[in-house]
Amino acid sequence: MKNIALVRPNVILIAFISIFIITSTGYQAFTQDYKIKTIVIDAGHGGKDGSTRGLYSTEKDVALKTALRLGKAIEQSLPDVKVVYTRSEDVFIPLYDRIGLANKVKADLFISIHCNDMPVYRSSVVTGYRKGKRGKKIPITETVSRKSTSTRGTETFVSGMGRMNEQDEVIKRENEAILLEDNYKENYEGFDPNNPENYIILSLMKNAYRTQSLKLAKMVQDQYINVGRIDRGVQEKSLAVLARAGMPAILTEIGFISNPTEEDYMNSEAGQIEITNCLLKAIQNYKASVER
């Protein structure tokens, strides 16, 4: 799959023209006899891209477990729909290959499953005292790394226009997988997930199926809300994995692996069943709404 340059000046004009053309054809497709036939399920991260973890589990493993369970549920409840996985085991898949696969099989939906995490912050703690002059106690400090364990909830992203000051830790973390790819400079032609200015160009390459993506994302969040999950909303962000999608595409964060309670929930049988049912119902509702 040939990738479009993200840092050349004329890419802005090309992006706007492409978005106009694809949006027009995409609208026509959704106004005709449209059927959802293929869904690509993407288990986030994998292989060497798997450092995000909770107390005892990793994001890549929880995401894979959820993705495989969801795929099986779709096959059982929607036998006319073909399910394709970007990965079915613990392997590293480049971001451009994930959406590239979806485009290649002409998927009608792309759903990327992830677990959220809180950034690490460092602070100084007193670990003891030593004697100074005249017997004065002098504290001994040590720098320790911590992260918030109280933040919880679900949120779902679609590819959209993100300003430089909106590139939070979640988006930076998801896009940093690019740096693990052996030939990322060739694949993304200079895009650097650590450079905020690059996100302006990435935003212009956003998913042309914005309206449909937002609709699906809201349906997913509504299902989370129905079972009592904390709603962190639907957000438009500059995500590399969604930017070139030729179909409605979402990335859903099913919970915070940095929160011990949510980590237990996402790893439990009951939690897995509930999360899968939320995603399945959202897909069923979306399918019914666009095939009327």
Side-chain angles (χ1 to χ4, degrees), residues 1 26 29-30 33-47 49-50 59-115 154 156-159 174 177 207 209 212-213 215-224 227 239 241-242 244-255 266-267 269 271-292:
M1 171 183 167
F30 274 82
D33 185 20
Y34 178 75
K35 298 289 184 184
I36 291 179
K37 299 175 182 178
T38 304
I39 298 176
V40 170
I41 302 176
D42 172 47
H45 306 284
D49 177 21
E59 176 186 8
K60 65 177 182 176
D61 290 339
V62 175
L64 180 59
K65 185 193 304 184
T66 307
L68 295 176
R69 187 184 286 262
L70 175 61
K72 192 172 295 185
I74 292 172
E75 290 171 339
Q76 291 173 350
S77 62
L78 301 170
D80 58 325
V81 174
K82 179 183 179 181
V83 174
V84 177
Y85 302 99
T86 58
R87 68 180 182 98
S88 56
E89 57 186 349
D90 184 20
V91 294
F92 173 68
I93 308 292
L95 295 183
Y96 77 96
D97 273 352
R98 294 170 188 260
I99 204 61
L101 172 64
N103 288 332
K104 182 178 179 180
V105 301
K106 294 179 169 49
D108 301 292
L109 290 178
F110 178 86
I111 299 172
S112 188
I113 298 173
H114 292 250
C115 301
T154 62
T156 301
F157 298 99
V158 303
S159 182
E174 302 300 357
N207 176 15
Y209 291 85
Q212 292 84 10
S213 298
K215 181 176 183 178
L216 175 60
K218 184 179 185 305
M219 288 180 171
V220 168
Q221 286 300 124
D222 286 346
Q223 291 302 319
Y224 290 147
V227 297
L239 283 159
V241 73
L242 303 180
R244 295 184 177 93
M247 74 293 298
I250 64 171
L251 184 154
T252 186
E253 303 275 4
I254 62 175
M266 290 186 291
N267 280 280
E269 182 70 11
Q272 278 285 303
I273 291 173
E274 189 167 80
I275 293 167
T276 301
N277 285 341
C278 286
L279 294 171
L280 177 62
K281 287 178 183 177
I283 292 168
Q284 290 172 327
N285 291 343
Y286 178 83
K287 186 175 186 293
S289 72
V290 299
E291 292 184 352
R292 279 189 282 185

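All heavy atoms count here, side chains included; hydrogens, waters and symmetry mates do not. Count residues from 1 along the sequence.
The backbone N or O of T156 sits less than 3.5 Å from a side-chain atom of Q221, completing a donor-acceptor pair. The main-chain N or O of C115 is found under 3.5 Å from a side-chain atom of E59 such that the two form a donor-acceptor pair. With R87 contributing its side chain and F92 its backbone, the two residues share no donor-acceptor pair below 3.5 Å. Using a distance-only test at 3.5 Å, with no hydrogens or angles considered, a donor-acceptor pair links the side chain of D90 to the main chain of G47.
Of all non-hydrogen atoms in A282 and L216, the two that sit nearest each other are O-CD1, 4.2 Å. Taking all atoms of both residues into account, the shortest heavy-atom contact from A63 to G44 is CB-N, 3.9 Å. The two residues G246 and N103 have their closest heavy-atom pair at N-OD1, 2.9 Å. A pairwise comparison of heavy atoms in Y286 and P248 identifies OH-CG, 3.5 Å as the closest pair. Closest of all the heavy-atom pairs between V158 and A217 is CG1-CB, 3.9 Å. Closest heavy-atom contact between A43 and T86: N-OG1, 3.7 Å.
The residue from K287, K35, K37 that alone fulfils the salt bridge (charged side-chain N to carboxylate O under 4.0 Å, His left out) condition with D80 is K287. Of the candidates I275, I254, I113, V62 forms a side-chain contact (heavy atoms from CB on, under 4.5 Å) with just one, namely I254.
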Under the side chain to side chain contact (heavy atoms under 4.5 Å, CB included) rule, what do I41 and R69 come out as? Steps first, then yes or no, please. CA-CA 10 Å; I41 302 176; R69 187 184 286 262; over 6 Å; no
Show your reasoning for whether side chain to side chain contact (heavy atoms under 4.5 Å, CB included) applies to D108 and I39. CA-CA 6 Å; D108 301 292; I39 298 176; 5.8 Å; no
Step by step, work out the salt bridge (Lys or Arg N to Asp or Glu O under 4.0 Å) result for D61 and K65. CA-CA 6 Å; D61 290 339; K65 185 193 304 184; over 6 Å; no
I would like to know whether I283 and L78 meet side chain to side chain contact (heavy atoms under 4.5 Å, CB included); could you show each step before the answer? CA-CA 10 Å; I283 292 168; L78 301 170; 4.2 Å; yes
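Atom NZ of residue K218 and atom OG of residue S213 lie 15.0 Å apart, to the nearest 0.5 angstrom. Distance check: I250 CD1 to L242 CG gives 9.0 Å after rounding to the nearest 0.5 Å. Atom-to-atom distance recorded for K82:NZ and I36:CD1 is 16.0 Å, nearest 0.5 angstrom. Between atom CD1 of residue I93 and atom CZ of residue R98 there is a gap of 6.0 Å, rounded to the nearest 0.5 Å. One distance of note links CG of L280 with CG of N285; it measures 9.5 Å at 0.5 Å rounding. Atoms CG and CD, from L68 and Q272 in turn, are 9.5 Å apart once rounded to the nearest 0.5 Å.
A side-chain donor from one of T252 and Y224 sits under 3.5 Å from a side-chain acceptor of the other.
Using a 4.5 Å heavy-atom threshold, the side chains of L64 and H45 count as separate.
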